[in-house]
Each structure stands twice: as C-alpha cells, then as structure tokens.
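One structure is given here, and the rest of the page talks about it.
All residue numbers in this chain count up from 1 along the given sequence. The analysis underlying the following values was restricted to heavy atoms, covering all of them including side chains, and did not include hydrogens, waters or symmetry mates.
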Amino acid sequence: MEILVAVIALAGALLAAVATGALIRRLRDEPEGWLIAWTVAAGALCLSLAVVAIGSVLGFGPVTFRIYQVTGSLLAPLWLAVGLIQLMADKVPPRFLAWLFGIALTVVSVAILTFDPLRSTDLGKKLPSGSALWGLIPDKLLIGVHAIDVLVLLACVVVAALKWRGGDEYDTDNLHAVLVIAPSSIALVGAMRFAVPPLFTTALLAVGSAAIWYTVLRPLAPYEDDDEDELEAPHDDREHRPGRRAAPEPVPAAEPPPVAPPRRSPGLGDLVAEYRAGDQQVDYAARMGAAPDTGPATGYIMNGSPPPRMDTSPRLEPPPQRPDYSMPGTGVAYPGAELFSPSQPQPQQGGGRPAPSIYGLLTVFTIMDGAGAAFDRLAEATVEAVRRSEPDTLVYACHAVKSAPLQRIVYELYRDEVAYRDHQRQPHVERFLNERQAMVLATNVIELNVNAAKVVPLPTVMF
C-alpha cells in the first residue's frame with residue numbers, strides 16, 4: 001500500500017510542480033492577487049506530495065511530518081481560500097483584508113507548528129494522522145484555520161452564484177473556477193482533518209493540484225461575443241475584473257490590405273490647429289507619404305525633395321516680356337509694381353476675373369528647431385532672385401506663423417503651369433531645394449486655383 005501511495009504522491013508532485021511553474025510564468029505578465037495566492041497553494045501542495053512520496057518509501061520523521069502538515073493541512077487550503085477572495089472581490093478593502101489576514105495567520109501558524117513538540121516521534125512509513133501527533137495548541141489552531149477556510153469557500157460559492165444570475169461571461173467564468181476550487185479545497189480539509197485512508201488523502205492532495213492547474217491554465221470557454229471581443233476590447237466599469245485562466249494561444253492578426261497613398265493630405269488649417277491646441281509632439285514622419293507622380297497634387301513631401309512633376313507639353317504662346325519693378329527687401333516678388341505706389345495703393349487694373357491658367361501653390365514647411373534664422377536667410381535670397389529673374393512668377397512670398405514658430409509658409413502664384421516649370425529649373429530654386437534639406441523636417445504642398453484676387457504691392461520699410 002505504501003508503494004502505491006508513493007507513486008500517486010510522486011505523480012501529484014510532478015503535476016503540482018508543472019502547475020506552479022506555469023503560474024509563475026503567467027505572473028510575469030499578469031500579476032493578479034488570485035494568481036499569487038494560488039501559486040503559493042500549488043507550491044505548498046507540490047512540497048507536501050513530495051514529502052509524502054519520500055516518507056512512504058523511506059519512512060516519516062518529525063521534520064517530514066511537520067512539512068507535510070504545514071504545507072498540505074495549513075498553507076494549501078488557506079491560500080486557495082485567499083485566492084478565491086482575490087478573484088471574487090470587486091473592491092480593494094476585501095482583497096487587502098484577505099492579504100493581511102492570510103499573511104498574519106500563515107506567519108503565526110507556521111511558527112507554532114514548527115516549534116511545538118509532537119506527542120510522539122515514533123513514525124513509520126504509513127501516512128501519519130495530524131490529530132494523533134499534534135499537541136493541544138497546534139491541533140486547535142488547525143481546527144480554527146480549517147473552519148475559516150470552509151466558511152470562506154462556501155461564501156465564495158454563494159457570491160459567485162449570485163453574480164452569475166445577472167452577470168456576463170466574466171461571472172460565468174468565475175463561477176466555473178469557484179465550483180472547481182471550492183469542492184476540492186473542502187475535500188482536502190476533510191481528508192487532513194479526519195482519519196481517512198492514506199491513499200485517499202494522497203489522492204485528494206493530487207486532485208487539489210489538478211484543480212488549480214485546470215482552473216488557471218485551461219483554454220477560455222467560448223462565448224457568443226468572442227468575435228466582437230476580438231474587434232473591440234469590452235468596456236468594464238467595475239474596479240476589478242481579473243482573468244481567471246490563461247488566455248488562448250494568440251492568433252496572428254491578418255495583415256490589412258495595402259492602402260494606396262491618399263491623393264490629398266490635411267491642409268494648412270489642420271497643422272495650425274494642432275499648434276494652437278498646444279500639440280507640439282506631432283509625428284510628422286509618420287504622416288508623410290509620397291504623392292503619386294502624375295502631376296501637381298496636394299500632399300507631404302520629404303524635406304528637400306522636389307515637388308511633383310508638371311506637364312512638359314510645349315508652350316504654345318510665349319507670354320510677352322514685361323519689366324520687373326518689384327520692391328527690394330519686402331520678401332515678396334510682384335512684377336509690374338511700377339503701376340502702384342506703396343503709399344497710394346491702387347485697385348487691380350481691369351475688372352475681370354483672374355485668368356484660369358494661373359497656377360498657385362501654398363507650401364507649409366516645418367523646420368528643425370534652431371534652423372529658423374538660416375531658413376529665413378535662404379528664403380530671402382531666393383525671393384530676391386525670383387524678383388530679378390522670373391517675370392512670370394506673379395507672387396512669391398515667404399511667411400512666418402505667429403502661433404507656430406517652427407513653421408514657414410511660401411505662397412506662390414504663376415502665370416500658368418509652364419511658368420511654374422520654368423521656375424523649378426532656375427539655379428536659385430535648385431539651391432533652395434538643396435540647402436533646405438538640413439533645415440526642414442516636413443513639407444506640406446497644397447495646390448491652389450485662383451477664383452478671385454486683389455494684388456497690390458506691400459508697404460515697405462526703408463533701410
């Protein structure tokens with residue numbers, strides 16, 4: 001009989017060791033209170049079963065008897081009950097009191113069971129009974145602990161059933177866990193408290209280990225809303241909704257279908273709104289994408305990259321050459337400025353609408369921190385070169401943004417798209433594209449159509 005007990009105890013010890021290791025691994029990712037308590041209980045059952053296997057083969061002694069009783073009769077039922085409180089309680093105070101009571105009772109009881117003398121030290125290979133060997137104080141202490149364990153376990157069964165009646169899948173899962181842990185714990189208390197055959201006691205110790213393993217590590221039961229849970233995490237307004245068991249094996253998420261880059265991106269209003277809202281941590285790099293290379297478009301361009309290609313069809317009629325009378329030092333190029341005076345602005349000549357061939361761009365530069373002065377000098381030199389050598393560039397202005405000190409806006413109007421293409425080939429424009437690479441974090445290009453306009457020279461300051 002002792003050999004059969006040793007075999008069952010060894011098998012149970014191995015099962016408890018595997019369950020303890022799995023619980024410890026899960027604790028690294030999910031440090032829940034009930035997991036900690038049941039890890040202590042599983043470790044206690046593993047040690048108790050190992051001592052039973054050794055004692056059934058080599059014989060029991062005072063040390064092995066104390067280890068068997070402390071772990072199997074005291075720690076395992078106590079921490080299984082504490083784990084159920086941690087699982088079922090929705091508020092912090094009950095969980096905290098359970099921790100406090102469990103730790104205090106463990107320290108006091110282990111000290112008493114370790115140092116209190118036994119009634120007899122003549123033990124053999126048969127599994128000894130605790131009530132026959134413990135003195136008065138340890139025996140009454142274990143009776144009190146067992147009574148508390150049974151009351152807590154029964155109360156958890158009632159609470160789990162009440163929550164299940166009007167609850168959700170979490171409460172169903174909790175009830176399942178309680179109905180597995182509570183009966184096995186109560187049976188273990190009965191086996192350790194009363195005189196039962198050693199084989200039956202050893203089997204119940206192994207069953208306790210299996211109950212913990214099954215409750216914590218079994219796959220999640222299917223629920224009707226599993227598909228919805230995969231798409232959206234359920235909102236839980238309770239303070240404590242712990243998971244009971246190991247989550248199912250992760251299923252690799254299907255890769256989303258490739259999405260073509262958008263033709264247009266957020267314009268100037270979106271960027272300025274972000275700065276006015278105080279959001280200075282915009283991930284511009286994640287928002288930048290290449291625009292299709294099919295012609296003028298609105299979209300982000302990496303710093304220093306040239307704008308999209310324009311139509312290269314030959315020009316049918318070259319525009320008439322006109323003298324350039326822009327105002328130096330204004331940062332704006334206005335060909336034909338001789339028609340107006342800065343002190344006496346005049347209305348635009350000819351009351352018709354702007355020609356439909358006029359081509360415009362609004363470019364928003366987000367510059368690197370500390371590169372503002374260098375960018376402004378480069379832009380001023382570029383504007384001056386445009387003023388001198390580009391008669392078909394109607395407006396070329398560089399602006400600073402008051403609410404966004406790291407932004408510059410370049411506003412451009414050309415007589416037509418061919419004029420814009422000629423502008424792109426100018427040496428000063430190529431220099432502007434190349435030298436701004438080290439200064440610009442992102443570039444937002446917005447294509448414009450001119451529906452109505454009034455353009456007069458800007459007032460200037462004489463130096």
Nearest 0.5 Å, please: how far is [atom2] in [Y] from [atom1] in [X]?
| X | Y | atom1 | atom2 | result |
| --- | --- | --- | --- | --- |
| S209 | L15 | OG | CG | 5.5 Å |
| T363 | E412 | OG1 | CD | 5.0 Å |
| L413 | L362 | CG | CG | 10.0 Å |
| T106 | L74 | OG1 | CG | 6.0 Å |
| D376 | M439 | CG | CE | 9.5 Å |
| S357 | N449 | OG | CG | 11.0 Å |

Side chains of [X] and [Y]: closer than 4.5 Å at any heavy-atom pair?
| X | Y | result |
| --- | --- | --- |
| P77 | M192 | no |
| L153 | V157 | no |
| I212 | L45 | yes |
| I85 | L97 | no |
| F432 | F375 | yes |
| Q426 | T393 | no |
| W164 | H176 | no |
| V51 | T71 | no |

Can you see which heavy atom on [X] is nearest to which on [Y], and at what distance?
| X | Y | result |
| --- | --- | --- |
| R95 | A89 | NH1-O, 3.3 Å |
| L49 | T202 | CD2-O, 3.8 Å |
| D416 | A419 | OD1-N, 2.8 Å |
| C46 | A13 | SG-O, 3.5 Å |
| A191 | L204 | CB-CD1, 3.4 Å |
| P354 | N451 | CD-O, 3.7 Å |

Next item on the list: Go through the steps to decide whether E390 and H428 satisfy the test side chain to side chain contact (heavy atoms under 4.5 Å, CB included), and finish with yes or no.
Entry: CA-CA 11 Å; E390 297 185 24; H428 51 269; 2.6 Å; yes

For [X], which residues count as a side-chain contact (heavy atoms from CB on, under 4.5 Å) partner, sequence neighbours excluded?
| X | value |
| --- | --- |
| V108 | I112 |
| A53 | A9, L10 |
| I148 | F101, V152 |
| A22 | R25, L217 |

Checklist line | Steps toward salt bridge (charged side-chain N to carboxylate O under 4.0 Å, His left out) verdict (E384, R388) | finding: CA-CA 6 Å; E384 179 64 20; R388 291 194 308 264; 3.6 Å; yes

Check: Are W34 and W99 close enough that their ring centers fall under 6.0 Å?
Finding: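 No: the rings miss the under 6.0 Å criterion.
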
Checklist line | All salt bridge (Lys or Arg N to Asp or Glu O under 4.0 Å) counterparts of R425, not counting sequence neighbours | finding: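 Counting only residues at least two positions away or on another chain, R425 forms a salt bridge (Lys or Arg N to Asp or Glu O under 4.0 Å) with D422.
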
Checklist line | Qualifying residues under salt bridge (Lys or Arg N to Asp or Glu O under 4.0 Å), relative to R431, sequence neighbours excluded | finding: E435

Check: Is a side-chain donor or acceptor of K163 paired with a backbone partner of N174 at a separation under 3.5 angstrom?
Finding: no

Margin query: Going by side chain to side chain contact (heavy atoms under 4.5 Å, CB included), F365 matches just one of V440, V401, L406. Which one?
Written below: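 Exactly one pass, corresponding to V440.
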
Enumerate donor-acceptor pairs with a distance under 3.5 Å from any side-chain N or O in residues 181-189 to protein atoms, sequence neighbours excluded.
from, atom 1, to, atom 2, distance (Å)
S184, OG, V180, O, 3.0
S184, OG, I181, O, 2.9
S185, OG, I181, O, 2.8

Next item on the list: Under the side chain to side chain contact (heavy atoms under 4.5 Å, CB included) rule, what do I446 and Y411 come out as? Steps first, then yes or no, please.
Entry: CA-CA 10 Å; I446 304 172; Y411 177 61; over 6 Å; no

Checklist line | Listed partners of T39 passing side-chain hydrogen bond (donor to acceptor under 3.5 Å, both in side chains), at least two apart | finding: none

Margin query: Going by the rule ring-ring contact (aromatic ring centres under 6.0 Å, His included), which residues pair with H423 if we only count those two or more places apart in sequence or in a different chain?
Written below: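 By the ring-ring contact (aromatic ring centres under 6.0 Å, His included) rule, H423 matches Y396, Y414.
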
Check: Any side chain to side chain donor-acceptor pair (under 3.5 Å) pairs touching residues 146-157, not counting sequence neighbours?
Finding: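 Side chain to side chain donor-acceptor pair (under 3.5 Å) check on residues 146-157 returns S73-H146.
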
